[in-house]
S.K.: 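Okay, here's the structure, questions in a sec.
None of the values given here were measured: they were computed from a predicted structure.
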Amino acid sequence: MASILEFLLTPEVPNVAKDLPEKQFEVKRLSKLTGQKAVFTLRALPYGKVQEIRQMPDDNQEAQILLQGCAEPNLRDGQLLAKYGAATPLDAIYALLLPGEIADLSMEVERLSGYRRRTISEIKNG
């Protein structure tokens, strides 16, 4: 039986600092409004980014998690900011998405990052 170190050295175990998990999620309200699927591609956050966000005021954390974890669409795009008259990407998020949508999308970024789910299990002897 291979040791855990030998297992961790195999090519199948990715470097999550470089290869962050991604998933796509549809925002149903926006899909209904536009008549086409409004799909957001979300990506896990690296450790350093999570620590940065934890230092921010609680009232901005969900939107910051979404901003940092949204690979597509580009929530920092100048055209998006202009459409909503937003001074910052966070302002655009607040103008584009409902609070529950922000919460749901940020929760999915957290799940991709290993939070809000059980990621370990105890090994029982015997």
Side-chain angles (χ1 to χ4, degrees):
M1 184 171 171
S3 74
I4 184 67
L5 180 58
E6 289 171 322
F7 169 75
L8 294 175
L9 293 172
T10 64
E12 294 79 23
V13 179
N15 178 345
V16 294
K18 295 178 183 174
D19 246 349
L20 295 166
E22 283 188 359
K23 279 191 180 177
Q24 293 185 320
F25 297 90
E26 179 183 3
V27 178
K28 292 177 184 180
R29 179 184 61 85
L30 295 178
S31 293
K32 187 175 178 183
L33 288 171
T34 63
Q36 59 186 21
K37 287 193 179 222
V39 177
F40 282 58
T41 302
L42 304 180
R43 180 181 298 134
L45 299 176
Y47 182 80
K49 192 55 70 180
V50 170
Q51 297 312 309
E52 248 179 66
I53 293 171
R54 285 183 169 176
Q55 302 302 315
M56 296 177 179
D58 285 345
D59 58 340
N60 285 339
Q61 284 186 2
E62 279 183 339
Q64 276 292 344
I65 289 168
L66 175 56
L67 178 62
Q68 299 302 323
C70 188
E72 180 68 29
N74 178 0
L75 298 173
R76 293 178 172 87
D77 184 270
Q79 293 176 340
L80 186 68
L81 272 62
K83 178 189 187 314
Y84 290 102
T88 69
L90 289 181
D91 294 335
I93 289 171
Y94 297 137
L96 173 65
L97 297 168
L98 295 170
E101 294 164 341
I102 294 169
D104 286 348
L105 289 167
S106 69
M107 188 179 308
E108 292 303 335
V109 172
E110 289 181 31
R111 284 189 179 117
L112 287 168
S113 303
Y115 294 98
R116 297 187 181 259
R117 60 188 173 107
R118 190 97 173 138
T119 60
I120 60 172
S121 60
E122 180 182 354
I123 303 296
K124 305 226 183 209
N125 292 334

S.K.: What closest approach, in Å, do Met56 and Gln61 show between heavy atoms, and which atom pair accounts for it?
M.R.: O-NE2, 3.1 Å

S.K.: What is the minimum heavy-atom distance between Phe7 and Val13, and which atoms define it?
M.R.: O-CG2, 3.6 Å

S.K.: Between the main-chain N or O of Tyr115 and the side-chain N or O of Ser113, is there a donor-acceptor pair closer than 3.5 Å?
M.R.: no

S.K.: Rounded to the nearest 0.5 Å, how far apart are CD1 of Ile53 and CG of Asn60?
M.R.: 10.5 Å

S.K.: Just wondering, more than 12 heavy atoms not from Arg43 lying within 6.0 Å of its CZ?
M.R.: no

S.K.: Show me the donor-acceptor pairs, under 3.5 Å and distance only, between side chains in residues 100-107 and residues at least two apart or in other chains.
M.R.:
from, atom 1, to, atom 2, distance (Å)
Glu101, OE1, Arg29, NE, 3.4
Glu101, OE1, Arg29, NH2, 2.9
Glu101, OE1, Leu98, N, 2.8
Glu101, OE2, Arg29, NE, 2.8
Ser106, OG, Ile102, O, 3.1
Ser106, OG, Ala103, O, 3.1

S.K.: Is Tyr94 reachable from Leu33 through a run of hydrophobic residues whose side-chain heavy atoms are each under 4.5 Å from the next?
M.R.: yes

S.K.: For the atom pair NZ (Lys49) and CG (Leu20), what is the distance rounded to the nearest 0.5 Å?
M.R.: 11.5 Å

S.K.: Decide yes or no for Gln24 and Thr41: does some side-chain heavy atom of the first lie under 4.5 Å from some side-chain heavy atom of the second?
M.R.: yes

S.K.: Under 3.5 Å, which donor-acceptor pairs do the side chains of residues 78-90 form with other protein atoms, sequence neighbours left out?
M.R.:
from, atom 1, to, atom 2, distance (Å)
Thr88, OG1, Leu90, N, 3.4
Thr88, OG1, Asp91, N, 3.1
Thr88, OG1, Asp91, OD2, 3.2

S.K.: Give a yes-or-no answer on whether the side chains of Gln36 and Thr34 include a donor-acceptor pair shorter than 3.5 Å.
M.R.: no

S.K.: CD1 of Ile65 to CG of Leu112: how many Å apart, nearest 0.5 Å?
M.R.: 12.0 Å

S.K.: Looking at Ser31 and Ala38, would you say the former's side chain and the latter's main chain have a donor-acceptor pair under 3.5 Å?
M.R.: yes

S.K.: Nearest 0.5 angstrom please: Leu75 CG to Ile93 CD1, how far?
M.R.: 5.0 Å

S.K.: Rounded to the nearest 0.5 Å, what separates atom CG in Leu30 from atom NZ in Lys37?
M.R.: 13.5 Å

S.K.: Looking at CD of Glu52 and CG of Leu45, how far apart are the two atoms once the value is rounded to the nearest 0.5 Å?
M.R.: 10.0 Å

